[in-house]
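Right, one structure below, let's go through it.
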Protein chains: 2
Amino acid sequence: MSAVTIYDVAERAGVSIKSVSRVLNGKPNVTEALRRKVEEAAESLGYRPSLSARGLAGARSYIIAALVDAELTIEHWRSGRGNDYLSRMELGALMECRQAGCHLLIELVDVASDTLKRDILAMVSSLRPDGLILTPPVSDCAVVLSALDSRGVAYVRLGAETEPSRGRRVYMDDHRAAYDMTAYLARMGHRDIGFVVGSPRYAASRARREGFEAAMAQHGLQVRPEWVADGDFTFPSGLDCGLRILSADPRPTAIFASNDDMAFGVIQAARRLGLSIPGEVSVAGFDDAPGAQFSAPQLTTVRQPVAEMAEAAARMIIAHAQDSTHEAPRVREVAYVVIGRESTAPPPPPARHDRP
Amino acid sequence: MSAVTIYDVAERAGVSIKSVSRVLNGKPNVTEALRRKVEEAAESLGYRPSLSARGLAGARSYIIAALVDAELTIEHWRSGRGNDYLSRMELGALMECRQAGCHLLIELVDVASDTLKRDILAMVSSLRPDGLILTPPVSDCAVVLSALDSRGVAYVRLGAETEPSRGRRVYMDDHRAAYDMTAYLARMGHRDIGFVVGSPRYAASRARREGFEAAMAQHGLQVRPEWVADGDFTFPSGLDCGLRILSADPRPTAIFASNDDMAFGVIQAARRLGLSIPGEVSVAGFDDAPGAQFSAPQLTTVRQPVAEMAEAAARMIIAHAQDSTHEAPRVREVAYVVIGRESTAPPPPPARHDRP
DNA sequence: ACGTGCAATGACAGCGCTGTCAACAGATTC
DNA sequence: GAATCTGTTGACAGCGCTGTCATTGCACGT
């Protein structure tokens with residue numbers, strides 16, 4: 001009826017609870033005979049140590065907490081949409097936790113709160129997690145980082161751009177990815193390329209824009225202000241920006257949006273304006289959102305290996321928790337993939353505006 | 001530097017730790033003066049009780065664990081896709097947890113494991129969660145339910161169909177939803193409707209098929225075996241089933257797939273066979289997946305309020321944890337919405353096969 | 001023979017809370 | 001005024017583990 005404790009196992013195996021503890025935690029200096037006895041007893045009783053008791057008594061809690069932006073979450077919740085990034089992050093983290101006998105806890109953080117520092121400290125002292133996985137935009141929040149640093153809590157910043165050498169970090173090169181996508185369009189023959197900027201809350205937005213600009217400069221192409229619009233990563237903002245950019249005269253032959261939702265918006269805008277895609281306008285996105293391969297047309301985009309990033313992050317935390325003396329790498333870059341699909345094609349023959 | 005404990009608060013407020021505990025847990029029989037003193041002290045120290053200590057000492061753990069099918073998760077992880085259902089579930093659960101000061105923990109469960117019962121018991125005694133949210137197909141797994149029942153752990157079954165009166169349950173009427181969607185197609189004028197069955201691992205698959213069949217019977221329409229194919233909720237299986245059904249002669253004028261991913265597969269199949277949608281074939285899905293509104297054409301589907309379901313589930317658990325004597329409702333049905341989009345339209349004029 | 005060193009094991013305290021129960025004050029009764 | 005009750009507060013044990021340190025047993029050297 002009631003739960004099995006370490007005392008039951010110790011009694012069954014005829015040893016002290018300390019020995020049981022040692023065996024179950026893989027501590028050294030245990031004879032093979034003892035190990036077998038304990039393992040058998042534990043196995044036959046279906047014993048698993050209490051998370052609370054371990055957390056309270058020992059240095060480790062076997063908990064990894066993922067910090068997620070509350071505002072973003074509320075937004076998704078209100079609109080009834082899932083969060084693909086978050087979901088993929090969790091999958092990766094879960095796979096790693098499972099192996100290591102850790103537990104994944106999702107925690108909301110309001111980075112706009114003026115008690116943010118307190119909130120973080122309170123959360124940390126309440127949970128005492130083995131480590132934290134910070135998702136964007138939390139991973140770029142200086143207040144959070146300094147709060148965690150002050151407590152010496154291990155954390156891994158996912159997709160962080162600012163203060164690159166602070167804490168542990170697993171990231172993708174957004175700058176280079178945006179550069180590559182822009183170059184991809186340029187190689188196709190596009191010279192007039194528009195850009196939809198992402199939300200300023202995310203450091204990645206800036207990196208993507210700068211990557212775009214760098215590629216344009218590198219290819220001797222001009223970034224025209226009327227072909228650049230500020231979105232906020234949502235579909236409506238993409239629609240809006242798309243309408244604005246495509247109403248310009250002359251209009252670009254390609255538009256690169258900072259994420260897929262906005263790219264869908266741009267596609268919608270083009271449709272409203274009677275422009276065919278990719279015939280008259282090419283559109284590229286970023287993220288490889290779930291809809292990207294079912295959209296009309298299928299969307300050219302950049303795929304970010306979010307699950308892989310989270311796995312690496314969880315692994316870093318677990319390695320640190322198991323042996324904090326052994327210095328493992330604190331930074332890891334993962335590879336992105338530019339995925340060419342139907343929404344991009346060479347531009348129509350230049351007939352609209354003259355070039356000497 | 002180190003964490004704030006209840007002792008610090010008690011000292012600051014000049015009271016015993018027990019009084020601090022009472023105030024912070026909202027227990028009765030505390031004078032206003034004491035309450036204020038304690039609250040001030042706690043506030044000024046930024047105190048938050050240790051999860052582990054509370055869990056160990058008291059009856060509650062302030063942990064709600066969501067049980068997720070491991071196989072499903074691994075599948076998603078391998079293919080690099082997110083899990084929209086899971087994501088929306090979490091959003092809802094998180095919103096509720098946040099309010100109640102609970103923490104959400106995601107736990108993988110392998111329902112195919114032959115040590116399943118042990119696994120569940122071990123998990124429960126290790127975590128001692130206030131309650132569990134069971135997601136499909138775990139919510140329909142009898143072994144899990146009986147393991148939990150034997151320990152008296154509170155759980156809420158999400159979208160469960162079998163043994164309706166067992167445990168707490170939040171569900172949507174899949175049968176009626178499928179019925180309604182079928183009726184929607186019939187009202188449009190379709191008489192020849194195909195169906196793609198979902199994975200037998202999910203009880204919902206059966207409910208949806210039966211809803212479809214009931215509606216067909218009700219409308220005097222015949223279910224032709226060659227127009228029904230067994231899928232497994234994946235895109236490739238949808239493609240496969242789509243090809244099979246649409247190659248039949250005669251072929252149906254509409255196909256209703258048990259979920260959106262398979263509907264996308266059917267659309268792909270139609271495209272390969274040179275059939276226009278919805279001109280020659282109408283396609284309907286189920287779930288309102290993220291891609292459904294960006295697909296070509298936009299997909300007619302059924303929307304399930306997953307976040308709302310999870311919210312209700314979390315609320316049930318919290319209510320029970322706070323006061324297990326007060327008997328709250330144990331079953332809750334939520335409303336679905338049939339969303340008509342571009343992928344369905346009246347059938348083409350009957351010219352292919354005769355009817356007297 | 002005896003001491004020395006080291007590996008294996010156990011005794012015990014204590015992590016930070018909550019539950020139980022006792023102590024005490026003030027109000028109410030006869 | 002003593003007895004009783006009610007509401008408020010605190011002392012203390014103990015939840016199930018891990019960390020520290022003591023103890024044991026055994027191989028080795030002299």
Side-chain angles (χ1 to χ4, degrees), chain A residues 2-38 41-42 45-63 101 103 122 124-128 130 321-322 324, chain B residues 2-38 41-42 45-63 101 103 122 124-128 130 321-322 324:
Chain A
S2 97
V4 182
T5 73
I6 195 171
Y7 298 107
D8 303 324
V9 179
E11 188 178 3
R12 186 93 129 85
V15 300
S16 75
I17 57 162
K18 183 64 220 189
S19 291
V20 176
S21 169
R22 262 192 279 262
V23 170
L24 266 47
N25 289 306
K27 291 284 167 66
N29 303 339
V30 184
T31 58
E32 199 44 49
L34 207 182
R35 157 158 287 117
R36 218 179 1 256
K37 267 196 297 185
V38 170
L45 291 168
Y47 169 73
R48 278 259 286 274
S50 149
L51 233 215
S52 301
R54 290 180 120 180
L56 184 55
R60 294 193 56 185
S61 64
Y62 298 87
I63 286 178
H103 299 270
V124 163
S125 68
S126 167
L127 253 39
R128 294 192 44 245
D130 282 355
Q322 283 172 347
S324 55
Chain B
S2 98
V4 183
T5 73
I6 196 172
Y7 298 106
D8 303 324
V9 179
E11 188 179 2
R12 185 90 129 83
V15 300
S16 75
I17 57 163
K18 183 64 219 187
S19 291
V20 176
S21 169
R22 262 192 280 262
V23 171
L24 266 48
N25 289 307
K27 292 283 166 66
N29 303 338
V30 184
T31 57
E32 200 44 49
L34 209 183
R35 158 159 285 117
R36 215 176 6 255
K37 268 195 296 185
V38 170
L45 291 167
Y47 170 75
R48 279 258 284 277
S50 149
L51 233 215
S52 300
R54 290 180 120 181
L56 185 55
R60 294 193 57 185
S61 64
Y62 298 88
I63 285 178
H103 300 271
V124 163
S125 68
S126 167
L127 255 39
R128 293 191 47 244
D130 283 355
Q322 283 171 348
S324 54

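Chain identifiers are assigned alphabetically (A, B, ...) following the order of the sequence lines, protein sequences preceding nucleic acid strands; residue numbering begins at 1 within each chain.
- Expressed to the nearest 0.5 Å, how far CD of A:Glu11 lies from CD1 of A:Ile6 amounts to 13.0 Å.
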Sort me out a list of protein N/O and nucleotides 23-26 of chain D N/O pairs below 3.5 Å, or just none if empty.
none

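- A side-chain donor-acceptor contact under 3.5 Å links A:Ser126 to the backbone of B:Pro49.
- One can place CZ of A:Arg128 at 13 Å from C1' of C:dC17, the figure rounded to the nearest angstrom.
- For DNA chain C, the neighbouring residues in residues 15-25 of chain A, judged by any heavy atom under 4.0 Å, are A:Val15, A:Ser16, A:Lys18, A:Ser19, A:Arg22.
- With values rounded to the nearest 0.5 angstrom, B:Arg48 atom CZ is found 15.5 Å from B:Thr5 atom OG1.
- For the pair B:Tyr47/B:Asp8, no side-chain contact is recorded, criterion being any heavy-atom separation below 4.5 Å from C-beta on.
- One N or O on the side chain of B:Ser61 and one on the backbone of B:Arg128 form a donor-acceptor pair closer than 3.5 Å.
- Atom-to-atom distance recorded for A:Ile63:CD1 and A:Arg54:CZ is 11.5 Å, nearest 0.5 angstrom.
- For the OP1/OP2 pair of C:dT9 and a distance below 4.0 Å, the side-chain nitrogens and oxygens of A:Thr31 include at least one atom meeting the criterion.
- Residues A:Arg60 and A:Asn25 have side chains that never bring a donor and an acceptor to within less than 3.5 angstrom of each other.
- When the C1' atom of D:dC15 is taken as reference, atom CG of A:Asp8 falls 14 Å away, rounded to whole Å.
- Mapping A:Tyr7 and B:Pro28 onto DNA chain D by nearest heavy atom places B:Pro28 closer to the 5' end of the strand.
- In this structure, CG of A:Leu51 is placed 16 Å from C1' of C:dG16, rounded to the nearest angstrom.
- Listed pair B:Lys27 / C:dG19 meets the phosphate criterion, a side-chain N or O lying under 4.0 Å from OP1 or OP2.
- Distance check: A:Ser19 OG to A:Asn29 CG gives 11.5 Å after rounding to the nearest 0.5 Å.
- The shortest distance between side-chain heavy atoms of A:Val4 and B:Ser125 does not fall below 4.5 Å.
- As rounded to whole Å, 16 Å separates atom P of C:dA25 from atom CG of B:Leu34.
- Atom CD1 in B:Ile6 sits about 19 Å away from atom P in C:dG14, given to the nearest Å.
- Atom-to-atom, CG of A:Leu127 to P of C:dC17 comes out at 13 Å; the value is rounded to the nearest Å.
- Across all strands, B:Tyr47 comes closer than 4.0 Å only to sugar-phosphate atoms, never to a base (heavy-atom distances).
- OP1 or OP2 of D:dT8 lies within a sub-4.0 Å distance of a side-chain N or O belonging to B:Asn29.
- Spacing between atom CZ of B:Arg35 and atom C1' of D:dT8 amounts to 12 Å, rounded to whole angstrom units.
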